[in-house]
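Have a look at the structure below before the remarks.
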Amino acid sequence: MQTSSNRCKAHRRRILELSQRGPSHVAPAFSCLEIVDLIYYELKRPQDAFILSKGHGCLAQYVVLESLGLIKADDRSLGGHPDRGGPIEASTGSLGHGLGMAVGMAYAEYLKGTDANVYCVISDGEMQEGSTWEAAAMAYTLRLDNLICFVDANGYGGLEKIQSVEPMPQKFESFGWEAIRCNGHSHERLKYAVTKRLGDLPFVVLANTVKGEGVSFLVDAPIWHYRSPNAVELAQAMKELA
């Protein structure tokens, strides 16, 4: 049976292959990859929903869905940000909107009396958006214990280091959430964080991640927020992920 670590190595190689179609967000996809993989492989049930608010990390979503046989990641209809359709449940990419959509979906499930959960992945850059905190406040007001959010905390907002979002756990707790911080590239730590939650409040996992994780020259190098590797760089990256 393939381990999550080996599976995510394969996901990273596939992301690099897809990046050859044109400019793409490789490093942001690498930072949220283990989170997206965990959601689809371990957490999400058929009745649950998932919103990748960090839409520019969509290559992570595409390759995971492809590995499950749900899409073809090289389908030309798939854009640089997710578009709603098939297994993709929300169009995202305008940062700061995803958590609000997740709150609405979680409240709808609450009103219907279902046991469905709504999972959402946001970037730490989105924590600088007022709309994110409005959604966080509403989630507590509505007592949405079926809302589970992951923050891909790689420390960057686009090309620049983020300076203004810490202390993240205390900020979410002050908005009435249960919060926990863990290693965002550890399948075991991420899963443990979710399974040990108390369960009576909206829940957030503050996942410490590395932008470009897995390939040495991608790590914390702002140019790889947008750029795709050339042939020489691709060969080096694939060698590191062998």
Side-chain angles (χ1 to χ4, degrees), residues 8-37 39 50-66 73-74 76 78-83 88 90-99 120-132 149-166 168 183-185 205-241:
C8 285
K9 270 192 175 182
H11 292 334
R12 285 185 166 85
R13 292 194 294 269
R14 183 61 172 144
I15 287 171
L16 288 167
E17 290 174 356
L18 294 171
S19 75
Q20 299 306 288
R21 299 185 302 178
S24 55
H25 298 278
V26 175
F30 278 17
S31 71
C32 67
L33 183 57
E34 280 79 10
I35 302 170
V36 175
D37 178 85
I39 290 171
F50 170 52
I51 294 178
L52 181 65
S53 181
K54 178 190 166 174
H56 56 285
C58 63
L59 286 178
Q61 186 176 25
Y62 295 166
V63 300
V64 173
L65 287 171
E66 181 179 65
D74 54 3
R76 290 288 176 174
L78 296 173
H81 295 86
D83 290 314
I88 297 174
S91 299
T92 61
S94 182
L95 296 177
H97 293 179
L99 188 57
C120 183
V121 173
I122 70 173
S123 63
D124 46 0
E126 289 178 84
M127 293 178 63
Q128 299 176 109
E129 300 274 3
S131 54
T132 295
C149 178
F150 292 82
V151 178
D152 176 16
N154 64 30
Y156 281 86
L159 303 178
E160 299 178 344
K161 278 281 191 179
I162 297 173
Q163 306 294 331
S164 61
V165 297
E166 294 290 356
M168 289 190 284
N183 181 348
H185 295 299
V205 178
L206 304 159
N208 291 336
T209 61
V210 176
K211 196 165 185 177
E213 171 71 12
V215 174
S216 60
F217 63 87
L218 298 183
V219 170
D220 289 344
I223 192 172
W224 294 107
H225 183 74
Y226 296 105
R227 184 168 173 255
S228 296
N230 60 33
V232 173
E233 293 160 341
L234 178 63
Q236 180 183 341
M238 288 297 195
K239 184 177 180 180
E240 292 189 26
L241 291 168

* Structure fact -> dist Ser123:OG -> Glu129:CD (nearest 0.5 Å) comes out at 8.5 Å

* Heavy-atom donor-acceptor pair, Tyr156 side chain to Ala221 backbone, under 3.5 Å -> no

* To the nearest 0.5 Å, how far apart are CD in Glu126 and SG in Cys120? -> 7.5 Å

* Between Glu160 and Gly157, is there a donor-acceptor pair closer than 3.5 Å when you use the side chain of the first and the backbone of the second? -> no

* Minimum heavy-atom separation for Pro82 to Ile88, with atom names? -> CB-CG2, 3.9 Å

* Asked: When you look at Ser24 and Leu18, which way does the side chain to side chain contact (heavy atoms under 4.5 Å, CB included) test go after all the steps?
  -> CA-CA 9 Å; Ser24 55; Leu18 294 171; over 6 Å; no

* Arg13 side chain vs Met238 backbone, donor-acceptor pair below 3.5 Å -> no

* Exercise: identify the closest heavy-atom pair between Tyr62 and Ala73 -> O-CB, 4.0 Å

* For Ser31, does its backbone N or O pair with a side-chain atom of Glu213 as donor and acceptor, under 3.5 Å? -> no

* Check step by step if side chain to side chain contact (heavy atoms under 4.5 Å, CB included) holds for Lys9 and Leu33. => CA-CA 10 Å; Lys9 270 192 175 182; Leu33 183 57; over 6 Å; no

* Checking Ser131 side chain against His97 main chain: does a donor-acceptor pair fall under 3.5 Å? -> no

* Asked: Looking at Lys54 and Leu95, what are the two nearest heavy atoms and their distance?
  -> CA-CD2, 4.2 Å

* Compare every heavy atom of Ala60 with every heavy atom of Ala29, then report the nearest pair and how far apart it is. => O-CB, 3.6 Å

* **Ser216 backbone acceptor or donor facing Glu240 side chain under 3.5 Å** => yes

* Looking only at heavy atoms, what is the nearest atom pair of Ile35 and Gly184, with distance? -> CG1-O, 4.0 Å

* Distance in Å, Ile122 CD1 paired with Cys149 SG, rounded so as to fall on 0.5 Å steps -> 4.0 Å

* Asked: Do any N or O atoms from the side chain of Asn154 and from the backbone of Thr209 form a donor-acceptor pair under 3.5 angstrom?
  -> no

* Asked: What distance separates Leu78 CG from Gln61 CD, expressed to the nearest 0.5 Å?
  -> 9.5 Å

* For Gln20, does the CD atom have more than 12 heavy-atom neighbours from other residues, nucleotides or ligands under 6.0 Å away? -> yes

* Has the side chain of Trp224 got a donor or acceptor atom that lies under 3.5 Å from a matching backbone atom of Phe217? -> yes

* Would you give the length of the straight line joining atom CG of Asp37 to atom NE2 of His185, rounded to the nearest 0.5 angstrom? => 12.5 Å

* **His56 and His225 aromatic ring geometry - parallel, tilted or perpendicular at 30°/60° bounds** => tilted

* Of all the heavy-atom pairs spanning Ile162 and Val165, show the shortest one and how long it is. => CG2-CG1, 3.6 Å

* Asked: Got a salt bridge between Asp152 and Lys211, using NZ or NE/NH1/NH2 to carboxylate O under 4.0 Å?
  -> no

* To do: Starting at OG of Ser91, measure out to CG of Leu52 and round the result to the nearest 0.5 Å.
  => 11.5 Å

* Asked: Does NZ belonging to Lys239 count more than 12 external heavy atoms closer than 6.0 Å?
  -> no

* Determine, step by step, whether Phe150 and Ile39 satisfy the side chain to side chain contact (heavy atoms under 4.5 Å, CB included) criterion, reporting the C-alpha distance in whole Å, the side-chain angles of both residues, the deciding distance to 0.1 Å, and the verdict. => CA-CA 10 Å; Phe150 292 82; Ile39 290 171; 3.9 Å; yes

* To do: Check the side chains of Thr92 and Ser53 for a donor-acceptor pair under 3.5 angstrom, ignoring hydrogens and angles.
  => no

* Asked: Are the side chains of Phe50 and Val121 in touch, meaning some heavy atoms are under 4.5 Å apart?
  -> yes

* To do: Start with the C-alpha distance between Leu16 and Leu241, add both sets of side-chain angles, then the distance that settles side chain to side chain contact (heavy atoms under 4.5 Å, CB included), and finish with yes or no.
  => CA-CA 10 Å; Leu16 288 167; Leu241 291 168; 3.6 Å; yes

